[in-house]
2 protein chains.
Amino acid sequence: MSELLSPTYTRADEAFDCLQTAIVKGELAPGEKIGELELCSRFDLTRGPLREALGRLESRGLLVRRPHAGVKVVSVSASELMELYRIREVMEGLAARQAAERMTDQEIADLQATLDSHEQMIDEAQGQAYYQAEGDYDFHHRIATGSRNTKLAQMLLGDLYYMVRMYRYRLSTSTGRPKRALGEHRRIVEAIAQRDGELAEFLMKRHINAARQNIEKKIQEGEITI
Amino acid sequence: MSELLSPTYTRADEAFDCLQTAIVKGELAPGEKIGELELCSRFDLTRGPLREALGRLESRGLLVRRPHAGVKVVSVSASELMELYRIREVMEGLAARQAAERMTDQEIADLQATLDSHEQMIDEAQGQAYYQAEGDYDFHHRIATGSRNTKLAQMLLGDLYYMVRMYRYRLSTSTGRPKRALGEHRRIVEAIAQRDGELAEFLMKRHINAARQNIEKKIQEGEITI
DNA sequence: AGCGGTCATATTGTCAACAATATTGGCTAA
DNA sequence: TTAGCCAATATTGTTGACAATATGACCGCT
């Protein structure tokens, strides 16, 4: 974790980042009860900053605390994961619409460039899953910030994406349809480039809906289990 | 603040609630730099729990902290308030749709009953603004929880509503259109009662959009200032 | 007079000891 | 043998003191 990004990076920030990535990467198993002192020794922290970080993480819904009883990583059911995608659908739809209205030409050009590099990675077919997952994350990240809607970006980047990524890591599965997803990305960017917010919203909603159905199918077929 | 609601109500919880309501009610002015020790003496707390609460509040976007520099209540511009309504539009639209699919008949009956009592309060015309504001909050609150979408309800009740209410208090203005809003509420509940999720979503989005336009107009006319 | 640098101060960040409470194991009695 | 209760223990919640840093004033220089 880069201690040098911000000139003043407090221990609490460090604790927050460490715990968040640990939870997302599955190093802290969901449902597992975990003690404060154990966390302290593990991440070389003291309890003060740790507790402050725990408060933040609880507020974001990544873990739950019961007074005097300890803290455990939140465990979300398959149906709850589907609910997350429903939320993403409407919120990212809005983000796409506002991005179409507000992104600069430069940002749109950059976005198209990243799609090109994503395509190249997929064609080279090495480490597909990883690159596709990161590429997908990168794409949605840019749309969210491009919406110029501070709170919207904050909610997407700070809340939803971390929970979704948590499952990406645990399932260690990308969408499983990289080419198709890339095509959908391209059409969304096209709509944004044409400043057609309504179309961008529609396409984004359909894109996320497709991803949700894809995962739902896999769960029902028993390919993946939560 | 009721210390008896939860059997174990920690100081940090107390601090969190106190500060949140103080911010929402405008007792802590936006932009105002405020010291920790001042907050401690004001709410009779010690710095440990206070800092934990500050972390939570920062995570929720109600205040910002700069290391070694202090904490100040977030100040949101008029345009940012409008952005909040855009988010509400899509999220509460989703909530209404899912509520139509999932609320129990009993819950729907209760919802209709609350609308009746709201109507009565408005007709009696005493303390219109207050009751209408509370009634409106109550209505949207029930829809959010009725969606059975945990994360959605959490984001609406825990994040957005507090920020919106913050402005309600500061402007000390309800929507200014109680009768009309009540009629819109009724039509939404009708759609929910008929289990017509699509219609409920449409009506809810239009309802919030109307509220947004109403506030936007008032701001442009200079009736209210932020 | 205006500007830059330095230092004192006050405030925040951090830490370690103390108090309060939930859990767990054992014990007793039915 | 099992159910319920009680106490010991370990963990969390809280507190006050210590260290580090940003702010603001003062002074000297240009």
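The figures here come from the full heavy-atom set of this structure, side chains too, leaving out hydrogens, waters and symmetry mates. Proteins get letters first, then strands, A, B, ... in listed order; numbering begins at 1 in each.
With respect to R51(A) and E36(A), a salt bridge is recorded, a charged nitrogen being found less than 4.0 Å from a carboxylate O. By the 4.0 Å N-to-carboxylate-O rule, D105(B) lies close enough to R195(B) to be salt-bridged with it.
For L50(B) and dT14(D), the CG to P distance is 12 Å, given to the nearest whole Å. Rounded to whole angstrom, the span from the NZ atom of K72(A) across to the C1' atom of dT23(C) amounts to 15 Å. In this structure, CG of L39(B) is placed 12 Å from P of dT11(C), rounded to the nearest angstrom. In this structure, the CG atom of D13(B) is 16 Å from the P atom of dT12(D), given to the nearest Å. Nucleotide dT11(D) holds its P atom 11 Å from the CD atom of E36(A), rounded to whole Å. Distance CZ (R11(A)) to P (dT12(C)): 20 Å, rounded to an integer number of Å. E38(A) places its CD atom 12 Å from the C1' atom of dT11(D), with the value rounded to the nearest Å. As a whole-Å value, the separation of D44(B) CG from dT14(D) P is 13 Å.
The closest side-chain donor-acceptor pair between D136(B) and H118(B), if any, does not fall under 3.5 angstrom. Using a 3.5 Å distance cut-off with no hydrogens or angles, the side chains of N209(A) and Y85(A) do not pair a donor with an acceptor. Of the N and O atoms on the side chains of D110(B) and Q106(B), at least one donor lies less than 3.5 Å from an acceptor on the other residue.
With sequence neighbours left out, H68(B) forms a ring pair (Phe, Tyr, Trp, His ring centres under 6.0 Å) with no residue at all. Scored by the salt bridge (Lys or Arg N to Asp or Glu O under 4.0 Å) test, R66(A) finds no partners at all (sequence neighbours excluded). Residues that satisfy the salt bridge (Lys or Arg N to Asp or Glu O under 4.0 Å) test with E216(A), not counting sequence neighbours, are R212(A). With sequence neighbours left out, E83(B) forms a salt bridge (Lys or Arg N to Asp or Glu O under 4.0 Å) with R102(A).
Of the two residues near DNA chain D, K33(B) and L45(B), the one whose nearest nucleotide lies more 5' is L45(B). Each of R66(B) and A69(A) was matched to the nucleotide of DNA chain C holding its nearest heavy atom; the match closer to the 5' end belongs to R66(B).
Of the candidates dT14(C), dT14(D), dT11(D), dT11(D) carries the atom nearest the L37(A) side chain, counting heavy atoms from C-beta on.
DNA chain D is contacted by no residue of residues 53-65 of chain B, taking any non-hydrogen atom closer than 4.0 Å.
Among the heavy atoms of the strands lying under 4.0 Å from I34(B) are primed sugar atoms or P, OP1, OP2 only; no base atom is included.
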Within the sub-3.5 Å range, which N or O atoms of nucleotides 16-21 of chain D have a protein N or O partner, and how far apart are they?
| unit_1 | atom_1 | unit_2 | atom_2 | d |
| --- | --- | --- | --- | --- |
| dT21(D) | O4' | H68(B) | ND1 | 3.4 |

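Look at R51(B) and you won't find any side-chain N or O under 4.0 angstrom from OP1 or OP2 of dT12(C).
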